[in-house]
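Structure, as structure tokens:
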Number of protein chains: 2
Amino acid sequence: MDQVLSSVRNGCKLLKIFLDSPKELGVTELSKKLQLSKGAVHKLLTTLESEGFIRQNEKTKQYTLGYTLLELGTKVLKNHDIVDFSMPYINRLLSRTSELVVLCVRDGKDAIYVAKVDSPHPIRFTVESFRRFPLYSTSAARVLLAYQPDEFQEEILAEPLKTYTEHSYTSTEEIKQNLQIIREHGYEVSSNRRNEGVTGVAAPIFDSSDQVAASISVVGPSDRVQPELDNILREVLETVQEMSVQLGYRP
Amino acid sequence: MDQVLSSVRNGCKLLKIFLDSPKELGVTELSKKLQLSKGAVHKLLTTLESEGFIRQNEKTKQYTLGYTLLELGTKVLKNHDIVDFSMPYINRLLSRTSELVVLCVRDGKDAIYVAKVDSPHPIRFTVESFRRFPLYSTSAARVLLAYQPDEFQEEILAEPLKTYTEHSYTSTEEIKQNLQIIREHGYEVSSNRRNEGVTGVAAPIFDSSDQVAASISVVGPSDRVQPELDNILREVLETVQEMSVQLGYRP
DNA sequence: AAACACCGTTCTCTATTCGTGAACAAACTA
DNA sequence: TAGTTTGTTCACGAATAGAGAACGGTGTTT
């Protein structure tokens with residue numbers, strides 16, 4: 001029945017606390033956030049430290065994430081063949097559009113940018129790689145969500161939504177309609193939705209099992225992207241189609 | 001007395017198995033390597049999966065490292081101010097030497113390259129970042145080891161040594177003498193030691209508490225580096241001295 | 001300078017849980 | 001089709017995780 005090891009889960013949660021915290025944390029602080037006794041947290045920390053997942057600052061006695069996580073993180077990227085496969089296409093899109101190009105994948109109920117190349121323009125829009133965000137919050141993510149099974153979509157949209165700008169979605173109904181439109185068109189153009197003054201074009205990449213493997217998005221300041229929208233859209237669609245064919249997708 | 005949580009340690013060891021394995025592993029294989037029952041490993045995996053540390057390939061039923069490790073790994077780099085601090089100096093060294101420049105730190109009994117910039121030459125020597133290696137095996141690492149307390153050095157050299165090339169150290173005595181020389185000179189020039197035909201210059205960076213914060217090394221093919229050795233050595237020493245002063249080191 | 005407050009760490013103890021080993025169904029292999 | 005191997009589930013007894021109080025050190029306040 002019990003298929004989860006509570007102390008292991010506590011260890012994982014402890015590590016993840018550092019994602020949204022300053023670099024160093026103390027035992028007391030962690031015990032509050034984890035709702036565990038100080039003694040238990042201390043045992044967790046010494047265990048994680050002995051494996052290199054946590055490091056203790058000898059002066060402040062506080063704790064930080066350890067280098068083993070850096071090793072494991074780079075191994076994740078190395079394992080991820082879609083990144084290697086996509087880099088040439090992403091770079092080609094950059095050279096043809098001169099705007100930010102990102103590669104987005106789904107992980108469970110979240111989306112993550114696993115690769116990006118920045119625009120060469122001095123004024124440019126950029127994003128943070130390797131951080132999770134909701135599947136409904138950016139074009140690149142919505143394009144992934146649009147091709148998931150209905151039950152999965154319902155599950156995602158059942159949770160309370162976070163709003164980012166005045167143009168963000170306010171209702172799940174609005175998102176559902178949007179997902180419908182994405183399926184009809186095969187792409188999404190979004191303007192000023194999550195970020196004010198930013199326009200993006202996103203489209204899905206399919207693999208041989210007819211599932212979405214990832215998505216690509218070209219994003220930039222609206223005043224530069226809008227005039228070039230037709231060209232950018234054509235480039236993005238050509239690219240994802242070429243990539244899908246390479247992956248063995250039969251439309 | 002028992003200050004370690006065994007299941008947490010098992011979880012950590014499970015994750016680290018993936019560092020030296022192909023990208024996907026099965027329950028049976030992992031249970032052999034961990035010397036744990038299949039049932040226990042399966043519980044570990046489902047727990048780690050629910051926290052995003054592990055992912056299961058739905059087709060092959062095998063397991064891989066999860067994206068949360070990527071998030072945590074990038075957070076480690078972000079926390080690490082020595083990297084940000086060093087980048088300008090590293091880039092300057094690259095522009096002046098045109099050879100590989102690496103930044104090396106110590107983590108427990110290991111060394112890790114936490115930053116590097118590759119040589120622009122078409123024929124070049126390069127290294128892998130973010131992977132652990134022994135503190136006695138490269139110049140950059142030995143320069144860190146040379147300024148550690150004697151007891152620590154003994155501890156490191158008590159373990160059986162790994163040899164890499166015919167020029168590698170064969171005895172701990174040889175390494176001890178080498179560490180002594182490093183302390184006298186304040187740097188190390190090594191030729192063809194770990195890698196055949198490769199010469200490197202490494203020197204330590206000190207901080208305000210008079211301890212080694214990191215080391216910098218310039219490495220390249222011997223036939224390009226040897227003729228320029230005097231210049232490269234001068235550049236490296238100037239750089240680490242400037243960095244140490246910036247960090248508050250009082251010689 | 002003394003009292004206080006807070007920190008990380010250690011300790012003991014019991015309810016809880018972890019890990020074993022066997023049995024399971026599903027997917028390959030021959 | 002029979003045999004092997006896979007990932008998964010289950011029940012139980014031994015091992016341990018976590019609570020809570022106490023310790024010693026550091027830094028702050030009165």
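All values reported here derive from a predicted model rather than from experimental measurement. Reminder, nothing fancy here: chain letters follow the sequence lines and each chain counts from 1.
- The side chain of Leu5(A) approaches dG19(C) more closely than any other nucleotide in the set dG7(D), dG19(C), dA17(D).
- Gly39(A) comes within contact range of at least one nucleobase, with a heavy-atom separation under 4.0 Å.
- Taking the side chain of Ala40(B) as heavy atoms from C-beta on, and the options dG8(C), dT20(C), dT6(D), the nearest nucleotide is dT20(C).
- With Glu24(A) contributing its side chain and Thr64(A) its backbone, the two residues share no donor-acceptor pair below 3.5 Å.
- With contacts defined as side-chain heavy-atom distances shorter than 4.5 Å, the pair Lys176(B)/Glu154(B) qualifies.
- Distance from the side chain of Asn10(B) is smallest to dG19(C) among dG7(D), dG19(C), dG18(D).
- In this structure, Ser37(B) reaches the bases: a heavy-atom distance under 4.0 Å links it to at least one base atom across the strands shown.
- Taking only side-chain atoms of Ser7(A), from C-beta outward, the nucleotide of dG19(C), dG8(C), dG18(D) with the closest atom is dG18(D).
- Note on Tyr63(B): every side-chain N or O is 4.0 Å or more away from OP1 and OP2 of dT6(D).
- With dT8(D), dA19(D), dG19(C) as the choices, the nucleotide that has an atom nearest any side-chain atom of His42(B) turns out to be dT8(D).
- For the pair Gln153(B) (side chain) and Ala146(B) (backbone), a donor-acceptor distance under 3.5 Å is present.
- Within the nucleic acid shown, Ser6(B) comes within 4.0 Å of sugar-phosphate atoms alone, with no base atom in reach, counting heavy atoms only.
- Look at Gln35(B) and you won't find any side-chain N or O under 4.0 angstrom from OP1 or OP2 of dT20(C).
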Steps toward side-chain hydrogen bond (donor to acceptor under 3.5 Å, both in side chains) verdict (Arg106(A), Ser215(A)): CA-CA 9 Å; Arg106(A) 180 179 72 86; Ser215(A) 68; over 6 Å; no
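- Side-chain atoms of Val27(A) lie closest to dT9(C) of the nucleotides dT17(C), dT9(C), dT8(D).
- Nucleic acid contact for Glu29(B): none, since no nucleic acid atom lies under 4.0 Å from a heavy atom of the residue.
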